[in-house]
Enquirer: 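Please find one structure pasted underneath; my questions will follow.
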Amino acid sequence: MEEKLKIVFMGTSDFAGIVLESLTGSPYEISAVVTQPDSRDKKGNLPNPVRDIAQKNNIKILQPEKLDENFTNEIKGLRPDVFIVASYGKIIPEKILEIPRMKSLNVHASLLPKLRGPSPIQNSLLQGDKETGITIMLMDKGIDTGDILSQKKIAINDDDDYITLTSKLAVAGSKLLLHTVSKWINGEINPVKQNDGEATLCQLIEKSDGQIFWGKSASEIHNTFRAFRVWPGIYTFWDNEGAVKKISLTSISAEENENENERHLGEVFQKEDKKIRVKTGKGNIIIEKLQLEGKNETEANSFINGYPGFIGSVLK
RNA sequence: CGCGGGGUAGAGCAGUCUGGCAGCUCGUCUGGCUCAUAACCAGGAGGUCGCGGGUUCAAAUCCCGCCCCCGCAA
């Protein structure tokens, strides 16, 4: 009888949560889950699906502040056969990656070498791509530069946003991972080097990336909205009779082929159908729901009942 | 003690500083008008002004305590 394969899982996001969930149903043993420390908030802890799923399945949870020597020794003590990493959120030192005899596998949400880095899902949406995918690869000291074990393409629909695309990718990624792991441990896969010449990089997303530039086209702004659906969202500034307030747009659509030449960029207006529109560099954005700073999210039509001056103002 | 905005009719808001009839826009109901509308006209219903206490002839408004929602920062 051979022993069960011992996995240590490392991950933090929603994407990682779905992958972990599928591993809990696999024939392998999950020795421990490593995830980011909980960030605290006045209103309670930020959700961490990985932590929650591990808790539910009675899996040991490690939330180290630093991936230092103490942590390295703790992991060594678990004698893992393989690491599985899915958007952990920190760069993992080579010393740790080298611990398992069957190496460290990463589930990355792009078709590598395209979109290496921490935000592949958002960036595929930002670029308006029609297709992305999942790559399972071996981890090395570079960022998403390791040899590829398997890949699967996923179509992006026009109505996909960060939430739906993450879910699609995670579900497909989970399947591909289980498949790949079983072949990998049986020595049935030859890793393939990445073509570095075709590589593209994506950056960590910052809150300020969510600010809208009205000079961009409606479809570019809408792509930003799709990409930043969960975080950081998209926002703009409204001068309400001298008081400049931040407004988050929480539901919008794009109207690419309309052109209101006589209006300013960022000007808010209505047409016969009463929808709230904003002029952009190319086409209009229709605002369906929004949230004024300090207030709850509201329907755009309700908002203008209370703030009729919104129509005709110019957003910055 | 991190900084700040807010809770008033089903929805969105004004009114609070300076106490004095509970307001606006939308929705809703009734009737009218129109070839027609997310249009227009007339009329109506709908409120423990977040909760508790205090001051006052009089409190949405001033004072004290509490609850809840949200933005920023981390």
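Reminder, nothing fancy here: chain letters follow the sequence lines and each chain counts from 1.
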Enquirer: Is there a side-chain hydrogen bond (donor to acceptor under 3.5 Å, both in side chains) between A:D14 and A:T166 once you walk through the steps?
Expert: CA-CA 8 Å; A:D14 293 319; A:T166 296; over 6 Å; no
Enquirer: Let me check something: do A:I59 and A:L62 share a hydrophobic cluster, defined by ILVMFWY side-chain heavy atoms less than 4.5 Å apart, either directly or through other members?
Expert: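 They do not share one cluster, since no chain of ILVMFWY contacts under 4.5 Å joins A:I59 to A:L62.
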Enquirer: Short of 4.0 Å, heavy atom to strand atom, which residues of residues 305-312 of chain A count as contacting RNA chain B?
Expert: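 Per residue number, the list reads A:N305, A:G306, A:Y307.
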Enquirer: I want to verify a distance call: between B:C70, B:G6, B:G12, whose nearest atom is closest to the A:N296 side chain?
Expert: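 Given the options B:C70, B:G6, B:G12, the side chain of A:N296 is closest to B:C70.
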Enquirer: Does NZ or CZ of A:K316 lie under 6.0 Å from the centre of the six-membered ring of A:F237, at an angle within 45° of the ring axis?
Expert: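 Geometry flag: not set, cation outside 6.0 Å or 45°.
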Enquirer: Could you tell me whether A:K271 contacts a base, only the sugar-phosphate backbone, or nothing, with contacts defined as non-hydrogen atoms closer than 4.0 Å?
Expert: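 The answer is nothing, as A:K271 stays clear of every strand by at least 4.0 Å.
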Enquirer: Which comes earlier along RNA chain B counting from the 5' end, the contact point of A:K274 or that of A:S248, where each point is its nearest nucleotide?
Expert: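 Final value for this comparison: A:K274.
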Enquirer: Does A:Y162 have A:R226 sitting over its ring (NZ/CZ under 6.0 Å from centre, angle to axis within 45°)?
Expert: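 No - A:R226 does not lie over the ring of A:Y162 by the 6.0 Å and 45° rule.
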Enquirer: Hey, is the side chain of A:K246 poking within less than 4.0 Å of OP1 or OP2 on B:C72, counting only N and O atoms?
Expert: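 Looking at the OP1 and OP2 atoms of B:C72, one of them is under 4.0 Å from a side-chain N or O of A:K246.
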Enquirer: Given A:S251, which partner from the list A:E299, A:R229, A:E288 fulfils the side-chain hydrogen bond (donor to acceptor under 3.5 Å, both in side chains) test?
Expert: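 Going through the options one by one, the only one that passes is A:E288.
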Enquirer: Distance-only check: which donor-acceptor pairs under 3.5 Å involve side-chain atoms of residues 91-102 of chain A, not counting sequence neighbours?
Expert:
residue, atom, partner, partner atom, Å
A:R101, NE, A:D81, OD1, 3.0
A:R101, NH2, A:D81, OD1, 3.4

Enquirer: Once you apply a heavy-atom cut-off of 4.0 Å, does A:Q291 come out as touching a base, just sugar-phosphate, or nothing?
Expert: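 Sugar-phosphate, no base atom in range.
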Enquirer: Is A:K207 near enough to B:C72 that one of its side-chain N or O atoms lies under 4.0 angstrom from OP1 or OP2?
Expert: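 True: A:K207 side-chain N/O within range (under 4.0 Å) of B:C72 OP1/OP2.
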Enquirer: Expressed in whole Å, how much space separates the C1' atoms belonging to B:U28 and B:G12?
Expert: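 These two C1' atoms come out 15 Å apart once rounded.
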